[in-house]
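Please read the structure below before turning to the comments.
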Amino acid sequence: MTHFHRVVYDCYRRLGRSFPWRETDDPYEIFVSEMMLQQTPVQRVMGKYEEFLKHFPIVQKLAEADLSSVLKVWSGIGYNRRALYLRNAARKICEIHGGTIPSSLKALLNLPGVGQSTAGALLNFAFRIPTPFVETNIRRAITHFFQIPGETRDGEILSLVDATMDRKNPRTWFYALMDYGASLRRRPEKGEKKEHRHEPFRGSRREKRGKVLRALLSLGELTLEELERETGEERSQLTPLLRDMVEEGLLKQKGEFFLVGE
DNA sequence: AACACGGGGCT
DNA sequence: AGCCCAGTGTT
């Protein structure tokens, strides 16, 4: 038990957070939470998580689901392509792994939408296999405590995570470490890495994509003309955007109609 | 290494 | 209007 451990665990006792996905041991339920939490505030996930599991309680149900039904529940969380990744990951889990969430890093990384961070989180939280990983709260926790520059490479952060993690209690340790990191928001160190800045959301291509998706989810299938009217966007803006969304598998085109699904 | 990808809440 | 927030896939 080092000083670092004492600080982190002490913080956890004082202001550790409780979430539905921290109460379950079901790897599928934890998997869903990790996919939702990518680049998404915890508070927002809280509002959708239980509803999502009510609609898709087990991985087989999600695997069978139409993309439109998944996106209807997902809508509002953001980064809609993650819903497609998640549904497709569920299919792959059913086809290749017999409906069991895989517990090896290699197999997890082969699932769509699962990278180093999500795979690491899953191994620790769902399977209690101690696995170093880096995400924003862990980065903040490590750079703050060890007083290293915010621009420090993930590789170096990762080796510090590896060197300091509590291998006997991986799940609790990473909850504690992430909560410690979360408690440090709002008072960044001098050299804190500036998260790459976004364009304004208003008027952005992202916003247009969101409008298109919402229109198609609520009205079914629409022509280009109808989409122009429903979203209030110009055809010249809509056309390339629709082509990309079809390409990504978010939308499908049947004749002159566009609809949600791949 | 740089980009694209949502959207709600807060100041 | 600008900033923040449990990353991943593509180019």
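Basis for what follows: all heavy atoms, side chains included, without hydrogens, waters or symmetry-related copies. Each chain gets a letter, A, B and so on, in the order the sequences are listed, and its residues count up from 1.
- In this entry the distance linking CD of Glu135(A) with C1' of dC4(C) reads 15 Å, nearest Å.
- Screening Arg82(A), Arg209(A), Arg243(A) against Glu248(A) for a salt bridge (Lys or Arg N to Asp or Glu O under 4.0 Å) leaves a single residue, Arg209(A).
- Every residue meeting the salt bridge (charged side-chain N to carboxylate O under 4.0 Å, His left out) condition with Asp162(A), not counting sequence neighbours, appears here in chain and number order: Arg167(A).
- Nucleic acid contact for Arg214(A): sugar-phosphate only, since backbone atoms but no base atoms lie under 4.0 Å from a heavy atom of the residue.
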Go through it in stages, so that I can follow the logic: the residues are Arg13(A) and Asp179(A), the test is salt bridge (Lys or Arg N to Asp or Glu O under 4.0 Å), and I'd like the CA-CA distance, side-chain angles, deciding distance and then a yes or no. CA-CA 10 Å; Arg13(A) 274 188 294 277; Asp179(A) 286 0; over 6 Å; no
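- The stretch residues 68-91 of chain A comes close to DNA chain B through Gly76(A), Ile77(A), Gly78(A), Tyr79(A), Asn80(A), Arg81(A), each having a heavy atom under 4.0 Å from the strand.
- The salt bridge (charged side-chain N to carboxylate O under 4.0 Å, His left out) check on Lys208(A) picks up Glu233(A), with sequence neighbours excluded.
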For nucleotides 9-11 of chain B, which of its nitrogen or oxygen atoms have a protein nitrogen or oxygen under 3.5 Å away, and what is each distance?
none

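- Protein atom CE of Met245(A) is 11 Å distant from nucleotide atom C1' of dG6(B), rounded to whole Å.
- DNA chain B is contacted by both Arg209(A) and Arg153(A); Arg153(A) maps to the nucleotide lying nearer its 5′ end (nearest heavy atom per residue).
- Rounded to a whole Å, the CG atom of Leu111(A) is 14 Å from the C1' atom of dG9(C).
- Rounded to whole Å, the distance from CZ on Arg185(A) to C1' on dC3(C) is 13 Å.
- Annotation: the span from Arg87(A) atom CZ to Trp74(A) atom CH2 amounts to 12.5 Å, rounded to 0.5 Å.
- Looking at heavy-atom distances under 4.0 Å, Val45(A) makes no contact with the nucleic acid at all.
- With distances taken from any side-chain atom of Thr40(A) to the nucleotides dG7(B), dT8(C), dG6(B), the minimum falls on dG6(B).
- Nearest nucleotide to the Thr118(A) side chain, out of dA4(B), dG2(C), dG7(C): dG7(C).
- Each of dT8(C), dC5(C), dG6(B) was ranked by its minimum atom distance to the side chain of Ser117(A); first place goes to dT8(C).
- Between Glu34(A) atom CD and dT8(C) atom C1' the separation is 14 Å, expressed in whole Å.
- Atom CE of Met36(A) and atom C1' of dG6(B) are 14 Å apart (whole Å).
- Aromatic rings from His5(A) and Tyr12(A) are positioned such that their centres are separated by 6.0 Å or more.
- The same atom, P, is picked in dG8(B) and in dG9(C); the two are 25 Å apart, to the nearest Å.
- Checked against salt bridge (charged side-chain N to carboxylate O under 4.0 Å, His left out), Glu50(A) has no partners two or more places apart in sequence or in another chain.
- Between Pro112(A) and Arg17(A), the residue anchored closer to the 5' end of DNA chain C is Arg17(A), taking for each the nucleotide with the nearest heavy atom.
- Toward the 5′ end of DNA chain C lies the nearest nucleotide of Pro200(A), the other residue of the pair Gly115(A) and Pro200(A) mapping further downstream.
- Rounded to whole Å, atom P of dC4(C) lies 14 Å from atom CG of Asn137(A).
- Taking the six-membered ring where the residue is Trp, the centroids of Trp173(A) and Phe125(A) are separated by 6.0 Å or more.
- Only the P atoms considered, dG6(B) is 16 Å distant from dT11(C), to the nearest whole Å.
- Residue pairs meeting the side chain to side chain donor-acceptor pair (under 3.5 Å) criterion with at least one member in residues 97-118 of chain A, sequence neighbours excluded, are Gln38(A)-Thr118(A).
- Between Phe19(A) and Tyr49(A), the distance separating the two ring centers is not shorter than 6.0 angstrom.
- Atom CD in Gln43(A) sits roughly 14 Å away from atom P in dG8(B) (whole-Å rounding).
- For Gln38(A), no side-chain nitrogen or oxygen approaches OP1 or OP2 of dG7(C) to under 4.0 Å.
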